[in-house]
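The block underneath contains the structure these notes are about, expressed in structure tokens.
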There are 2 protein chains.
Amino acid sequence: MNPYQSPILMVDSVVMQLANDALQVLLIKRANQPFQGMYALPGGYIVAGETTVSSHERILRSKAGIEKQLLRLVEQLYTFDTVAGDPRGHGVSVTYMGLGLDIIPTFGGETQQPEFFAVNALPQLAYDHAEIIAYAHERLKSKVNYTNAVYALLPVYFTLTQLQTAYEAILCRPLDKRNFRKKFLSLDLIHETNEYQRDGAHRPARLFCFNSARLERSPRSFD
Amino acid sequence: MNPYQSPILMVDSVVMQLANDALQVLLIKRANQPFQGMYALPGGYIVAGETTVSSHERILRSKAGIEKQLLRLVEQLYTFDTVAGDPRGHGVSVTYMGLGLDIIPTFGGETQQPEFFAVNALPQLAYDHAEIIAYAHERLKSKVNYTNAVYALLPVYFTLTQLQTAYEAILCRPLDKRNFRKKFLSLDLIHETNEYQRDGAHRPARLFCFNSARLERSPRSFD
DNA sequence: GCAAAAGTGTTCCAGATACACCCATGA
DNA sequence: TCATGGGTGTATCTGGAACACTTTTGC
């Protein structure tokens, strides 16, 4: 490939959600060369008239059937120069992270069935996508420490146990129940409701709700 | 301008250094429309065969006579879609922050003389460059809290007072001398030397040195 | 009554903050 | 000897970590 052409503009997307007490990331098995048969992040070229944001939305819709409303938080991660390892040659890839809940990817017509994989049990990945996912995971770990970003991964009403489980899945370590509750409640990011969740032979759990469904920075950091 | 063309790839650069106990940023007075006569960050188009990194280096060299070795720390900031306020139309701008010391910008041939301005006393800026500078400043504020990033703004040998002054200029607030020293020394990012700086009618100041001239993350955060 | 998850407080320790005086030098 | 910036220690407070039992429910 001619090394003296303008860089190609691409977008790659790290879509994450929680399932089975684990943080999962959306991957697509590549149908074509290069990296045929390996898994990759959904991504594609920016076409005429698109911003990176609108391109990101189009790519998720066309490759995984994910409408933009499903992603409750979208954040730009980093822009990579992909000169070396990328067989397509010289390109610039803008990466975004999208967080949601109960996302069911569908066959987009252009690709094989997209699937979610636990971030701790990824298959072999094409390009440098393993690093991009690791970067997204790090970003999320640090974001949940000083923002309400978890709201994007949880239902509107949730129990403190669900909240703690979400943090444990993101941070990949167990947290103390009493300290977690004391600390999180002191951040003033959530408020209790008068509703309870009854789901088994045990005491019902009070449901809580985030004060804001937009990203807010907490004055104090969490961890 | 035709809204249905591919986005133009650009690079903008926030070059910062310390002078007169203030954090300064490099600006160029625009010679041409749009925003003729206003100040702007050095920036330009990515041309054939360039990565964003090499484009950044070329633009600083050609517009401000700054060689890449002068920037002791370069970090990518964010990639902006510049659809709205930008009269050039639809573009994507990758922004970098570069930190250095004793940088003397020179006329690059293509532009008017570049100058450093204190970040707290900026002139009116073209495009959304005021926001980009604010973003860079925020990034730097948070970076110096958990990394050794200040090394890039200080000489190799420096006194603790110089170090504290640098932190005060970056964080825009005064710090307690005894607490600052105790805290910073406990981070194990610097070591003392046997050299002293003599510069006036007062006790000489011991010179210190960073353990690493690469970006290192301190295990504990500073503030 | 028993299994299962919800809910709740205290003690201890480390790190943050506040604060004022003596030291070494050059003029 | 004096003016100037360099250098140092303690007391207090706040937030983090560790830790175990009672409550409410469904079966």
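A, B, ... follow the sequence lines: proteins, then strands. Residue 1 opens every chain.
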Check every atom of [options] against the side chain of [X] and return the nucleotide holding the closest atom.
| X | options | result |
| --- | --- | --- |
| B:R203 | D:dT23, D:dA18, D:dG5 | D:dG5 |
| B:K177 | D:dG6, D:dT25, D:dT10 | D:dG6 |
| A:N179 | D:dG7, D:dA18, D:dT4 | D:dA18 |

Round to the nearest Å and state the distance from [X] atom [atom1] to [N] atom [atom2].
| X | N | atom1 | atom2 | answer |
| --- | --- | --- | --- | --- |
| A:F180 | D:dA17 | CZ | P | 13 Å |
| B:R198 | D:dT4 | CZ | C1' | 15 Å |
| B:E195 | D:dG6 | CD | P | 17 Å |
| A:Q197 | D:dG26 | CD | C1' | 15 Å |
| A:R206 | D:dT25 | CZ | C1' | 16 Å |
| A:R178 | D:dT22 | CZ | C1' | 11 Å |
| A:L175 | D:dG16 | CG | P | 13 Å |

[X] side-chain N/O to [Y] backbone N/O, donor-acceptor pair under 3.5 Å:
| X | Y | answer |
| --- | --- | --- |
| B:K141 | B:I170 | no |
| B:E75 | B:Y96 | no |
| A:R206 | A:T193 | yes |

> Which sits closer to the 5' end of DNA chain C, A:L160 or A:H202, going by the nucleotide each is nearest to?
Replying inline: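 Between the two, 5'-proximity favours A:H202.
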
> In terms of the nearest nucleotide of DNA chain C, which residue is placed more toward the 5' end: B:A201 or B:S221?
Replying inline: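 It is B:S221 whose nearest nucleotide is closer to the 5' end.
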
Just checking [X]: base, sugar-phosphate only, or nothing, at a heavy-atom cut-off of under 4.0 Å?
| X | value |
| --- | --- |
| B:T161 | sugar-phosphate |
| B:D176 | base |
| B:R181 | base |

> Would you say B:Q69 has more than 12 foreign heavy atoms packed within less than 6.0 Å of its CD?
Replying inline: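 For B:Q69, atom CD is crowded (more than 12 foreign heavy atoms under 6.0 Å).
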
>> Can you confirm whether more than 12 heavy atoms, excluding those of A:E131, are under 6.0 Å from its CD atom?
In response: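 No, CD of A:E131 has 12 or fewer neighbouring heavy atoms, counting only those of other groups under 6.0 Å.
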
> Centres of the B:F117 and B:Y39 rings: under 6.0 Å?
Replying inline: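 Yes.
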
>> Going 5' to 3' along DNA chain C, which are the first and last nucleotides with any atom under 4.0 Å from a heavy atom of chain B?
In response: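 So the contact region on DNA chain C extends C:dG15 to C:dG26.
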
> Does the side chain of B:S93 reach to within under 4.5 Å of the side chain of B:T95, using non-hydrogen atoms?
Replying inline: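 When only atoms from C-beta onward are counted, B:T95 and B:S93 do touch, with a gap below 4.5 Å.
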
